[in-house]
Number of protein chains: 2
Amino acid sequence: MLVKSEQAITNADRTFFQLRKDIVEGVIPAGSKLSEMELSTKYEVSRAVIREAINRLATCHLVERKANVGARVVALSPEGLIQLYQVREALEGMAARLAARNMSDDEIADMQALLDSHFDKVKDGQSYYQEAGDVDFHYRIVTGSKNDHLISVLVDGLYHLVRMYRVQLGMAGPRVSTAFDEHRHIVNAIANRDEELAEMLMRRHILYSKNNIEKKLNNG
Amino acid sequence: MLVKSEQAITNADRTFFQLRKDIVEGVIPAGSKLSEMELSTKYEVSRAVIREAINRLATCHLVERKANVGARVVALSPEGLIQLYQVREALEGMAARLAARNMSDDEIADMQALLDSHFDKVKDGQSYYQEAGDVDFHYRIVTGSKNDHLISVLVDGLYHLVRMYRVQLGMAGPRVSTAFDEHRHIVNAIANRDEELAEMLMRRHILYSKNNIEKKLNNG
DNA sequence: AAAAATTATAATGTCGACAATATATGCCTG
DNA sequence: CAGGCATATATTGTCGACATTATAATTTTT
């Protein structure tokens, strides 16, 4: 599930990953305060490594820190989610464009094979696709852009926030088969090296997701 | 010159700002190693605050850190600059679109006034425009998007890297009057609430800048 | 009694020392 | 003499204690 090998070397790494997981999955509730002392006893490390972990979380925008006051887990808001998707639209649209330019033929073939395997599972009625499959797909395109800044902002930053929203607002939801078709079209555009179309399709794909989520938020 | 009031509260803040300045302006050379001990004596603070500052710089992508080894200032490369401009194109294009949607009439009027004042200076042959004027313009549009993620990624992250490239590769350059016209067109589109056009013009504006820079790198 | 000022408390910010790791040096072996 | 291994050194990672700041409680004053 964790595609990029983010292996923890130091204690601060481990604590950072653990804290991030707990925040994304809601074990540590959104909006709650992060006490350095409390966490240092809970995770059995010194305050210094907790501080470092919290600082890293702050740069991911998973927590907000105020000087001499402390850090709080970010609060989830509909506007925040919308804004997230606006940035995703811009960034992943560009990623699709660059993927059409820079991915190797082999990488594209791999991605097509991945999509085929997903199709089999969707066909069998497995709801597996939604989470891991979607993540895989978007992740491949982003890395396929070969643009380090793009990769970093999305993979290290926004995706964790997106997952936090998904998990905590219970967006397991549908849009499985339709999203699958959209994925297929995007990959085709990339295979044809059609940058313009790849970007446009990706932007619309993300826009649809956003609209779908907005609808859910307003109804439920 | 510093539009957003990034006021330093703590020592770590001050050290972070100072280090960032020294790196961006090349006082600390690109690619050089950042020794914690050395810096702690030089800046007269403890290693802890140096570490925190370096960590923050790492998340701005101004330095790269390896566990148990240390941190180095990033190396400047033509590819890196190109990649930066690709991300800018995507992000600032979206910012222009959102600015056309979300800026208040007053904010737009202010921005037009700003452009007028810039025009006067360009007309008088002052080369003032290039640096501060360009920064001001882009900054206003980004903040006008009202999208916190967008603002943060650009203002806290990419812009400092862009400035580092500009300063250290000596991109004081021309493109003044033509860029000014492009700015004018973008503001007009925003004033007309034409999201589509605003985004397209901003993307082309940044693309032109990129091409201009590429040409310089290849020639000189 | 209400509001302001002051003290008390508890958190974050900062520091210097110790532990663990990576690199450099020198030694031993083939 | 070359290559690998062991040691030495220096740097980063981690820790607990102290300093400083913000918040809460208490007292004082109007």
Side-chain angles (χ1 to χ4, degrees), chain A residues 5-23 27-75 156, chain B residues 4-23 27-75 152 156:
Chain A
S5 59
E6 276 184 319
Q7 61 178 347
I9 304 292
T10 164
N11 272 343
D13 292 334
R14 269 183 289 279
T15 309
F16 168 61
F17 292 138
Q18 183 65 45
L19 262 175
R20 188 176 62 185
K21 185 166 180 271
D22 289 346
I23 288 173
V27 176
I28 301 176
S32 64
K33 188 172 191 309
L34 292 177
S35 163
E36 294 181 358
M37 285 200 321
E38 189 181 326
L39 292 175
S40 88
T41 62
K42 185 175 176 184
Y43 290 91
E44 293 176 326
V45 287
S46 95
R47 258 188 63 216
V49 346
I50 293 286
R51 270 181 76 81
E52 180 169 337
I54 289 181
N55 277 330
R56 289 202 225 170
L57 290 168
T59 64
C60 299
H61 296 272
L62 285 170
V63 316
E64 286 169 346
R65 150 163 271 170
K66 271 200 299 185
N68 291 316
V69 174
R72 308 190 78 87
V73 179
V74 294
D156 298 333
Chain B
K4 180 185 177 188
S5 59
E6 277 183 317
Q7 63 178 348
I9 304 294
T10 164
N11 272 344
D13 291 335
R14 267 182 291 279
T15 308
F16 168 62
F17 292 138
Q18 184 64 45
L19 262 175
R20 187 176 64 185
K21 184 164 179 272
D22 289 346
I23 288 173
V27 177
I28 301 176
S32 63
K33 189 172 191 312
L34 292 177
S35 162
E36 294 181 358
M37 284 198 322
E38 190 181 327
L39 292 174
S40 88
T41 61
K42 184 175 176 183
Y43 289 91
E44 293 177 328
V45 287
S46 94
R47 258 188 63 216
V49 345
I50 292 287
R51 273 181 72 82
E52 180 168 339
I54 289 181
N55 278 329
R56 288 203 226 170
L57 291 169
T59 64
C60 299
H61 295 272
L62 285 170
V63 314
E64 286 169 347
R65 150 163 272 169
K66 270 199 299 184
N68 290 316
V69 173
R72 308 190 78 85
V73 179
V74 294
S152 162
D156 297 333

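Just so we're on the same page: letters track the sequence lines, and every chain starts at 1. Note that this is a predicted model, so its numbers are computed, not measured.
Put simply, the side chain of A:R72 never gets that close to the backbone of A:E64: no donor and acceptor are under 3.5 Å apart. For A:D13 (side chain) and A:T10 (main-chain N/O), a donor-acceptor pair under 3.5 Å exists by modelled atom type.
In this entry the distance linking CG of B:L39 with C1' of C:dT14 reads 17 Å, nearest Å. One can place CE of A:M37 at 13 Å from P of C:dG13, the figure rounded to the nearest angstrom. The nearest whole Å value for the distance from the CD atom in A:E38 to the P atom in C:dA11 is 9 Å.
Taking CZ from A:F17 and CG from A:L57, the interatomic distance works out to 10.5 Å, rounded to the nearest 0.5 Å. Of the inter-residue distances, the one linking A:T41 atom OG1 with A:M37 atom CE reads 8.0 Å to the nearest 0.5 angstrom. Summarising the geometry, atom CZ belonging to A:R20 is positioned 6.5 Å from atom SG belonging to A:C60; distances are rounded to the nearest 0.5 Å.
Here salt bridge (Lys or Arg N to Asp or Glu O under 4.0 Å) pairs that include residues 32-41 of chain B, with residues two or more places apart or in two chains, are B:E36-B:R47, B:E36-B:R51, B:E36-B:R65.
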Under a 4.0 Å heavy-atom criterion, the protein footprint on nucleotides 13-20 of chain D, written with B, S and -, is BBB-B---
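Contacts of A:I54 with the nucleic acid, taken as non-hydrogen atoms under 4.0 Å apart, are absent.
When the side-chain nitrogen and oxygen atoms of B:K33 are compared with OP1 and OP2 of D:dT12, one or more of them lie within a distance under 4.0 Å.
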